[in-house]
Enquirer: 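Got a structure for you, written out below as structure tokens; questions coming shortly.
In what follows, chains are A, B, ... by sequence order, proteins preceding strands, each numbered from 1.
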2 protein chains.
Amino acid sequence: MTDRSDEALLDRAFMALADPARRRIIARLSRGPATVNELAEPFEITKQAVSKHIQVLEQAELVTRTRDAQRRPVHLNAARLEALTAWIDQYRLVREAQYRGLDAVLNHLSKDKT
Amino acid sequence: MTDRSDEALLDRAFMALADPARRRIIARLSRGPATVNELAEPFEITKQAVSKHIQVLEQAELVTRTRDAQRRPVHLNAARLEALTAWIDQYRLVREAQYRGLDAVLNHLSKDKT
DNA sequence: GTTGTATTCAACCGAAAGGTTGATCAAGGG
DNA sequence: CCCTTGATCAACCTTTCGGTTGAATACAAC
């Protein structure tokens with residue numbers, strides 16, 4: 001896990017979620033697919049701006065897009081979110097293990113990580 | 001969970017982890033506290049730059065600092081990492097619930113989230 | 001007090017992010 | 001074949017980010 005080839009993808013994912021607007025988009029998509037226009041409405045920004053956000057999320061593979069006539073609904077890629085929790089938990093668990101003095105667990109988890 | 005008052009903090013946390021250098025710092029700190037100089041060494045950037053990164057992480061409360069004479073060791077605040085996984089899992093689980101058609105779980109999780 | 005070591009502050013710089021407006025493209029409906 | 005709708009492309013602007021160098025601070029050792 002946390003393979004070298006996924007490094008850039010992990011980077012894009014964290015980068016993507018750094019923006020609150022994009023997190024809100026993720027939140028919205030968790031309730032089902034939506035088009036750019038639908039996503040743009042609750043925000044006070046233009047569709048073009050939303051479209052850019054989608055592209056960022058798409059490059060991070062956090063969302064995918066299908067085609068439905070002229071609409072292009074955006075879908076959440078929940079699986080990719082797991083890569084983030086995996087990265088975080090990696091270090092969260094190490095620290096917790098240290099607090100408890102579980103050296104065996106610690107040594108297993110803490111070798112050559114990013 | 002995901003209280004309104006934590007909103008800014010969550011923002012800073014994602015923002016902080018968006019930078020690969022700062023993620024590497026987190027990784028290093030998971031193996032124990034370190035000073036700015038120690039953290040700067042493996043990188044090819046100046047200590048001043050690292051100091052700035054630490055400040056960003058500190059404002060996100062992902063790390064804390066103590067004082068040891070003129071040294072100011074940085075410690076990982078593993079507890080804060082949980083806030084991130086909590087946010088992510090919130091939506092990851094919603095999607096997984098949808099795939100399984102677990103509407104009850106879905107309705108419970110998906111009301112007025114950020 | 002002077003020197004030395006660890007860290008931070010301040011000013012600056014180039015690159016990238018997030019936003020806008022205006023033009024353009026794709027797909028259907030009349 | 002227009003014309004509308006949904007979405008993207010392109011150019012531009014402003015702010016923020018990550019980095020630098022150089023001066024300043026804090027603390028301890030001598």
Enquirer: Please tabulate, for side-chain N and O atoms in residues 41-48 of chain A, each donor-acceptor pair with protein atoms closer than 3.5 Å (sequence neighbours left out).
Expert:
from	atom 1	to	atom 2	distance (Å)
A:Thr46	OG1	A:Ala49	N	3.4

Enquirer: Among B:Thr35, B:Asn37, B:Val74, B:Leu39, which one satisfies side chain to side chain contact (heavy atoms under 4.5 Å, CB included) with B:Val50?
Expert: B:Leu39

Enquirer: Under the side-chain contact (heavy atoms from CB on, under 4.5 Å) rule, what do A:Asn77 and A:Leu62 come out as? Steps first, then yes or no, please.
Expert: CA-CA 5 Å; A:Asn77 183 8; A:Leu62 287 169; 5.6 Å; no

Enquirer: Using a strict threshold of under 4.0 Å (side-chain N to carboxylate O), is an ion pair present between A:Asp89 and A:Arg92?
Expert: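 Yes, charged N to carboxylate O under 4.0 Å.
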
Enquirer: Restricting to side-chain hydrogen bond (donor to acceptor under 3.5 Å, both in side chains), what partner residues turn up for B:Arg12, sequence neighbours left out?
Expert: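 Here no residue qualifies.
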
Enquirer: Out of A:Thr64, A:Ile25, A:Leu57, A:Ile26, which residue meets the side chain to side chain contact (heavy atoms under 4.5 Å, CB included) rule with A:Leu76?
Expert: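 Among A:Thr64, A:Ile25, A:Leu57, A:Ile26, the one meeting side chain to side chain contact (heavy atoms under 4.5 Å, CB included) with A:Leu76 is A:Ile26.
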
Enquirer: For B:Asp19, which residues count as a side-chain hydrogen bond (donor to acceptor under 3.5 Å, both in side chains) partner, sequence neighbours excluded?
Expert: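 Expected list: none.
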
Enquirer: Heavy atoms under 4.0 Å is the rule here; annotate nucleotides 2-9 of chain C 5' to 3' with B where the base is hit, S where only the sugar-phosphate is, and - elsewhere.
Expert: ----SBBB

Enquirer: For B:Glu61, give me all partners under salt bridge (charged side-chain N to carboxylate O under 4.0 Å, His left out), at least two apart in sequence or on another chain.
Expert: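 So B:Glu61 forms a salt bridge (charged side-chain N to carboxylate O under 4.0 Å, His left out) with B:Arg80.
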
Enquirer: Atom CG of A:Leu17 and atom P of C:dA17: how far apart are they, to the nearest Å?
Expert: 15 Å

Enquirer: Whether A:Arg67 contacts C:dA26 is assessed here as follows: a side-chain N or O lying under 4.0 Å from the phosphate OP1 or OP2. Is that the case?
Expert: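 Answer is no, no contact under 4.0 Å.
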
Enquirer: For DNA chain C, whose closest nucleotide is more 5', that of A:Asp68 or that of A:Lys52?
Expert: A:Lys52

Enquirer: Mind checking which nucleotides bracket the chain A contacts on DNA chain D, 5' to 3', with an atom under 4.0 Å from a heavy atom?
Expert: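 Contacts span D:dG6 to D:dA11, reading 5' to 3'.
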
